[in-house]
Number of protein chains: 2
Amino acid sequence: MHCLVMYFCAMQKSSLYKGCLEPIVLRLLKDNGRMYGYSITQKVKEITKGELQITEGALYPLLHKLEAEGIVETAVESVGNRMRKYYTLTKAGTKQTQAAMEELQAFMESLNLIINPKTTIA
Amino acid sequence: MHCLVMYFCAMQKSSLYKGCLEPIVLRLLKDNGRMYGYSITQKVKEITKGELQITEGALYPLLHKLEAEGIVETAVESVGNRMRKYYTLTKAGTKQTQAAMEELQAFMESLNLIINPKTTIA
DNA sequence: AACAATGCATAATTAAATTAGGTATTGTTT
DNA sequence: AAACAATACCTAATTTAATTATGCATTGTT
């Protein structure tokens, strides 16, 4: 008799620290060139092995905001009978992404100084 | 003639990603044992070399919330004629801090997977 | 036929900041 | 002595950015 019991570790799907979603989306667009909303949610799940999960209620309004700001531009396409709204970075968006990455990087380094203080060697 | 021109790099004093302040405060209290509000703001500035700056408008309400939740307990002391309200983690607070650190750590690792994707070696 | 997955969207609410004040004491500079 | 910066606390109004809970429609799977 097979009795396969599987224990899963918490897999918190921890909610994002607010403000991080935008840089994440910008980065994904930079790396992947051309994405639609749903594919962004899936990509994040894939990369983080399910650890991070972005909600549609946060994502779509953000994408609309980015479009209104000229950071991204859109093109609607039909796959079969289902529509996809593709987003790509504009030139301004690419620049903005660079800045956002530097800011996030700097922030994470600062955070690390606090959270993982270096034990002074010697 | 001396003409000393100094260029400062941006030193953004980047505003926090929301939700990060609580874990930061918990961590500082864990590491330093006993702090008062103003000393927390100074410690963060010191550790991050001025890069991170926490605002009092965010800090004090947070400390009050933590106190109401039983995460920290307070003791008011007078230094000269000036009062200081010292905060220390309660037992529950220490446990909470541990959990917060693990969650933040996990989040940062996930974020790193997205922001600094590993180039597959070989 | 029912359900999960794909794909878009919005509205109401909540959480956590920012911004902009306020009070008072102490130390430093002009 | 006056002015200012630093130390030390606080709060209120507003803004930002999520969550939660919906809704609609198509496609694939059980």
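Just so we're on the same page: letters track the sequence lines, and every chain starts at 1.
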ask   = Can you give one letter per nucleotide of nucleotides 15-24 of chain C, 5' to 3': B if a protein heavy atom sits under 4.0 Å from the base, S if only from the sugar-phosphate, - if neither?
value = SBSBB-----
All N/O donor-acceptor pairs, side-chain side in residues 106-117 of chain A, below 3.5 Å, sequence neighbours left out:
{"from": "Ser110(A)", "atom 1": "OG", "to": "Ala106(A)", "atom 2": "O", "distance (Å)": "3.3"}
{"from": "Asn112(A)", "atom 1": "OD1", "to": "Asn116(A)", "atom 2": "ND2", "distance (Å)": "2.5"}

Check: residues 55-70 of chain A side-chain donor-acceptor pairs under 3.5 Å, at least two apart:
{"from": "His64(A)", "atom 1": "ND1", "to": "Tyr60(A)", "atom 2": "O", "distance (Å)": "3.3"}
{"from": "Lys65(A)", "atom 1": "NZ", "to": "Glu22(A)", "atom 2": "OE1", "distance (Å)": "2.8"}
{"from": "Glu67(A)", "atom 1": "OE2", "to": "Thr74(A)", "atom 2": "OG1", "distance (Å)": "3.0"}

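The outermost nucleotides of DNA chain D lying under 4.0 Å from heavy atoms of chain A, listed 5' to 3', are dA17(D) to dT27(D).
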Check against side chain to side chain contact (heavy atoms under 4.5 Å, CB included), Lys18(A) and Tyr17(B) = CA-CA 6 Å; Lys18(A) 297 185 183 183; Tyr17(B) 293 88; over 6 Å; no
task = Given side chain to side chain contact (heavy atoms under 4.5 Å, CB included), test Glu77(B) with Tyr86(B) step by step and report yes or no.
result = CA-CA 7 Å; Glu77(B) 271 181 38; Tyr86(B) 280 96; 3.9 Å; yes
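Leu28(A) and Met35(A) get closest at one heavy-atom pair: O-SD, 3.7 Å. Annotation for Gly33(A) and Thr88(A): closest pair O-CG2, 2.9 Å, computed over non-hydrogen atoms. When all heavy atoms of Thr48(A) and Leu52(A) are compared, the pair lying nearest together is OG1-N, 2.9 Å. Gln96(A) and Leu26(A) get closest at one heavy-atom pair: CG-CD1, 4.2 Å.
Atom NZ of Lys85(A) and atom C1' of dT10(C) are 13 Å apart (whole Å). Residue Asn81(A) contributes atom CG, which lies 13 Å from atom C1' of dT6(C) at whole-angstrom precision.
Comparing His64(A) and Val79(A), the nucleotide of DNA chain C nearest to each residue sits closer to the 5' end for Val79(A).
Shown here are the side-chain contact (heavy atoms from CB on, under 4.5 Å) partners of Val76(B), two or more places apart in sequence or in another chain: Met83(B), Lys85(B).
Each end of the helix from dA1(C)-dT30(D) to dT30(C)-dA1(D) gets its own axis, taken as the rotation carrying the C1' atoms of four end pairs onto the next four within a five-pair window, and the two axes meet at 20° to the nearest 10 degrees.
Note that the CD atom of Gln98(A) and the NZ atom of Lys95(A) stand 11.0 Å from one another [nearest 0.5 Å].
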